[in-house]
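Along the sequence shown, residues are numbered consecutively beginning with 1.
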Amino acid sequence: RSADDSPRRYRRRRDRGPNDRALVNPLSNLGTTEYRLHDYKSAEQSYLRGVKIVEDSGGGADKLMMRPLHGLGATYLATQQYDEASVALKRALDLSRNLDGLFNAQQVPILDPLITSLVELERHDEAEREFQYSVRVAENVYGKQDAHVLRPLDRYARWLERMGRYTTARVLHAQALSIAEQAGGQQSLMTVGPLTGIARTYRLEFVNGPEE
């Protein structure tokens, strides 16, 4: 290594313009730090700058876009800007599916906040579609009888309960119970959640009437 190797590297970094693609990941790191410090306005600006750099470089379908889009959506969600969050997160999710496959596991951190946004916006059809997708992702990645499927099943079933769809929710809780028993046995603590869910649907159905 030559004596002036480090200065040359410094000069290369210094010569990068404000729209250099190499800045996107550092901007995403900065945005993540600002997000964790609850400085959401600054985080938004950092993520937006990263998105704009990728867009201006002609990389709208570029994997480099996923981190700033995901961070931007999470920031909007944290500030209860649900519509803006859903747009950014859906864009990141579509990009993930196009680049890494329809059922890739890496989309789950994007999918979960997108579902939250859609639920808050009461966009029920879209929310249900993504709930179903989250179950299918877990089934494809881990297998239909794997314990990893329990969480998306429970989340979907609880949402169905809030929608008054008690019979449909009970079917999902029963599916989760079967998975829990196979994974850990009938005495496993994993069965507590599904059993409680089944009982809850019967109680809610008695109080509020059957699913229409």
Side-chain angles (χ1 to χ4, degrees), residues 9-142 148 151-152 155-156 159:
R9 285 205 308 271
Y10 171 77
R11 285 196 296 273
R12 284 197 297 269
R13 288 196 299 268
R14 185 186 60 188
D15 291 342
R16 287 172 182 164
N19 297 316
D20 194 294
R21 286 168 56 88
L23 293 172
V24 175
N25 281 331
L27 282 169
S28 295
N29 293 337
L30 175 61
T32 299
T33 300
E34 292 164 338
Y35 175 88
R36 290 174 177 169
L37 293 172
H38 306 291
D39 184 1
Y40 298 123
K41 188 63 177 176
S42 296
E44 177 187 2
Q45 295 306 312
S46 296
Y47 290 129
L48 280 171
R49 185 180 168 197
V51 169
K52 187 175 188 305
I53 288 173
V54 181
E55 288 177 336
D56 289 348
S57 67
D62 194 323
K63 196 166 188 174
L64 193 61
M65 178 77 83
M66 285 175 56
R67 280 193 67 199
L69 276 177
H70 181 196
L72 185 62
T75 301
Y76 285 140
L77 181 61
T79 54
Q80 300 182 354
Q81 299 178 73
Y82 301 119
D83 196 36
E84 292 84 352
S86 70
V87 171
L89 292 166
K90 184 64 167 63
R91 191 176 170 190
L93 188 65
D94 289 342
L95 193 57
S96 174
R97 290 171 180 171
N98 288 335
L99 294 175
D100 297 320
L102 290 175
F103 299 107
N104 73 85
Q106 289 73 34
Q107 68 184 286
V108 173
I110 306 171
L111 186 55
D112 284 351
L114 173 60
I115 290 172
T116 300
S117 298
L118 295 173
V119 168
E120 292 292 340
L121 290 167
E122 299 185 357
R123 287 157 55 178
H124 302 313
D125 290 344
E126 294 175 71
E128 180 158 24
R129 185 162 57 247
E130 299 303 343
F131 273 122
Q132 292 170 349
Y133 215 101
S134 68
V135 174
R136 293 181 65 192
V137 168
E139 289 176 342
N140 276 269
V141 172
Y142 301 107
H148 286 89
R151 180 181 176 274
R155 194 178 183 199
Y156 182 18
W159 177 77

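Put simply, CZ on R129 and OG on S134 are 13.0 Å apart, with the number rounded to the nearest 0.5 Å. Atoms CG and CZ, from L27 and R67 in turn, are 10.0 Å apart once rounded to the nearest 0.5 Å. Taken from CD1 in I115 to CD in E128, the straight-line distance is 11.0 Å, to the nearest 0.5 Å. Rounding to the nearest 0.5 angstrom, the gap separating the CG atom in L89 from the OG atom in S117 is 5.5 Å. One finds the CG atom of L48 at 5.0 Å from the CG atom of L72 (value rounded to the nearest 0.5 Å). Atoms NZ and CG, from K63 and D100 in turn, are 3.5 Å apart once rounded to the nearest 0.5 Å.
Side-chain rings of Y40 and Y76 stay apart, their centers remaining 6.0 Å or farther from each other.
By the ring-ring contact (aromatic ring centres under 6.0 Å, His included) test, H148 pairs with Y142, sequence neighbours left out. For the side chain to side chain contact (heavy atoms under 4.5 Å, CB included) test, no residue two or more places apart in sequence or in another chain qualifies with N98. With sequence neighbours left out, T33 forms a side chain to side chain contact (heavy atoms under 4.5 Å, CB included) with L37.
With respect to the salt-bridge test (charged N to carboxylate O, under 4.0 angstrom), the residues R49 and D56 do not qualify. Between D94 and K90 there is a salt bridge, since at least one side-chain N of the basic residue sits less than 4.0 Å from a carboxylate O of the acidic one. Contact check on R155 versus E130 returns no salt bridge, with no Lys/Arg side-chain nitrogen under 4.0 Å from an Asp/Glu carboxylate oxygen. A salt bridge links R91 to E55: at least one charged side-chain nitrogen sits closer than 4.0 Å to a carboxylate oxygen.
Between S46 and L30, the closest heavy-atom pair is OG-CD2, 3.6 Å. Residue V54 comes nearest to D62 through the heavy atom pair CG1-CB, 3.9 Å, listed as atom of the first residue, atom of the second, then distance. For Y35 against A43, the heavy-atom pair with the smallest separation is N-CB, 3.8 Å. For A85 against L77, the heavy-atom pair with the smallest separation is CB-N, 3.7 Å. What you find for N19 and I53 is that their closest heavy atoms are O-CG2, 3.4 Å. Summarising the geometry of L111 relative to L93, their closest heavy-atom pair is CD1-CD2, 3.8 Å, with the distance given to 0.1 Å.
Looking at L118 and Y82, their side chains never come closer than 4.5 Å, going by heavy atoms from C-beta outward. No side-chain heavy atom of V87 sits less than 4.5 Å from a side-chain heavy atom of Q81. No side-chain heavy atom of E126 sits under 4.5 Å from any side-chain heavy atom of S86.
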side-chain contact (heavy atoms from CB on, under 4.5 Å) between Y47 and L69: does it pass, once the steps are laid out? CA-CA 7 Å; Y47 290 129; L69 276 177; over 6 Å; no
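Using cut-offs of 30° and 60° on the angle between ring planes, the pair W159 and H124 is tilted.
When each of T79, D39, T75 is tested with E44 by the rule side-chain contact (heavy atoms from CB on, under 4.5 Å), just one qualifies, namely T75.
Of the possible polar contacts, none joining the S96 side chain to the A92 backbone as a donor-acceptor pair under 3.5 Å is found.
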